[in-house]
*Asks:* 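The structure is given below, and queries will be raised subsequently.
Keep in mind that the numbers below use all heavy atoms, side chains included, and drop hydrogens, waters and symmetry copies.
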Amino acid sequence: MSTDTFPITSFRTLYPLYASIGNDVVYVIAEKARCYFSPCKGVCTNQLWMLVVAHMLYLRNEAEQGMAAPGAIASASIDKVSVSFTAPPTSSNAAHWYNLSPHGMEYLALVQRCGGVPFYVGSMSERSAFRSVGGRFPNRGRIR
């Protein structure tokens with residue numbers, strides 16, 4: 001999978017909602033979208049890329065229609081219009097941003113699938129089983 005050329009034909013097939021948007025706009029958004037994701041072990045990279053582009057186009061359409069809401073409505077009043085929003089319970093600002101559209105939610109699900117379990121070396125007692133750069137065990141191989 002190459003990240004050099006955006007799969008516009010597949011994108012048009014999968015996301016007919018954005019058929020009215022010209023290819024030049026989609027390509028510009030696709031170039032910008034490359035900053036928001038990393039290749040997924042070469043397997044689902046195009047799907048991730050198309051989901052981020054669809055997410056960004058969705059947010060763009062929402063903003064153009066004045067419907068962009070930063071979160072769930074916490075309170076509202078009618079006279080002297082006042083609306084308060086609450087941020088959804090998410091783990092990070094990026095997750096909050098992706099949860100603003102159905103495409104972003106699908107992206108989060110797919111990227112979690114692609115990411116797998118990260119390599120992690122535990123803390124003190126577990127690290128004693130790994131030799132350091134000089135070939136010695138930390139703390140002389142003893143667990144405190």
*Asks:* Looking at side-chain heavy atoms only, is the closest gap between R60 and V25 below 4.5 Å?
*Replies:* yes
*Asks:* For the CE atom of M50 and the OG1 atom of T45, what is their distance to the nearest 0.5 Å?
*Replies:* 10.5 Å
*Asks:* Give the C-alpha distance, both sets of side-chain angles, the deciding distance and a yes or no for side chain to side chain contact (heavy atoms under 4.5 Å, CB included) between N61 and I21.
*Replies:* CA-CA 10 Å; N61 285 345; I21 299 173; 4.2 Å; yes
*Asks:* To the nearest 0.5 Å, what is the distance between CD (E31) and CZ (R34)?
*Replies:* 5.0 Å
*Asks:* For the pair L48 and V52, evaluate side chain to side chain contact (heavy atoms under 4.5 Å, CB included) and give the outcome as yes or no after the intermediate values.
*Replies:* CA-CA 6 Å; L48 289 172; V52 174; 5.5 Å; no
*Asks:* Are M105 and M56 in one and the same hydrophobic cluster, where Ile, Leu, Val, Met, Phe, Trp and Tyr link if side-chain heavy atoms are under 4.5 Å apart?
*Replies:* no
*Asks:* CG/L108 to OG/S92 distance, rounded to the nearest 0.5 angstrom?
*Replies:* 8.0 Å
*Asks:* Indicate, with yes or no, if the rings of Y15 and H103 have centres closer together than 6.0 Å.
*Replies:* yes
*Asks:* Does the pair Y107 and Q47 meet the rule for a side chain to side chain contact (heavy atoms under 4.5 Å, CB included), with working shown?
*Replies:* CA-CA 8 Å; Y107 169 82; Q47 283 76 19; over 6 Å; no
*Asks:* Set out, in order, the CA-CA distance, both residues' side-chain angles and the distance that settles side chain to side chain contact (heavy atoms under 4.5 Å, CB included) for K32 and V53, then state yes or no.
*Replies:* CA-CA 8 Å; K32 186 177 176 184; V53 169; over 6 Å; no
*Asks:* Would you name the heavy atoms of A54 and Y18 that are closest together and state the gap between them?
*Replies:* O-OH, 3.3 Å
*Asks:* Can you tell me how far CG of L51 sits from CG of L14, rounded to the nearest 0.5 angstrom?
*Replies:* 8.5 Å
*Asks:* Any idea how F37 and W49 line up, ring-wise: parallel (<30°), tilted (30 to 60°), or perpendicular (>60°)?
*Replies:* tilted
*Asks:* Under 4.5 Å between side-chain heavy atoms, counting indirect links through other Ile/Leu/Val/Met/Phe/Trp/Tyr residues: same cluster for F6 and V28 or not?
*Replies:* no
*Asks:* State, with a plain yes or no, whether a side-chain heavy atom of L59 is found less than 4.5 Å away from one of W97.
*Replies:* yes
*Asks:* Hey, what do you get for SG (C44) to CG (N46), rounding to the nearest 0.5 Å?
*Replies:* 9.5 Å
*Asks:* Give me the atom names and distance for the closest heavy-atom approach of R12 to G22.
*Replies:* NH2-C, 3.4 Å
*Asks:* Assign the ring pair H55 / Y98 to parallel, tilted or perpendicular, where the plane angle (0 to 90°) is split at 30° and 60°.
*Replies:* tilted
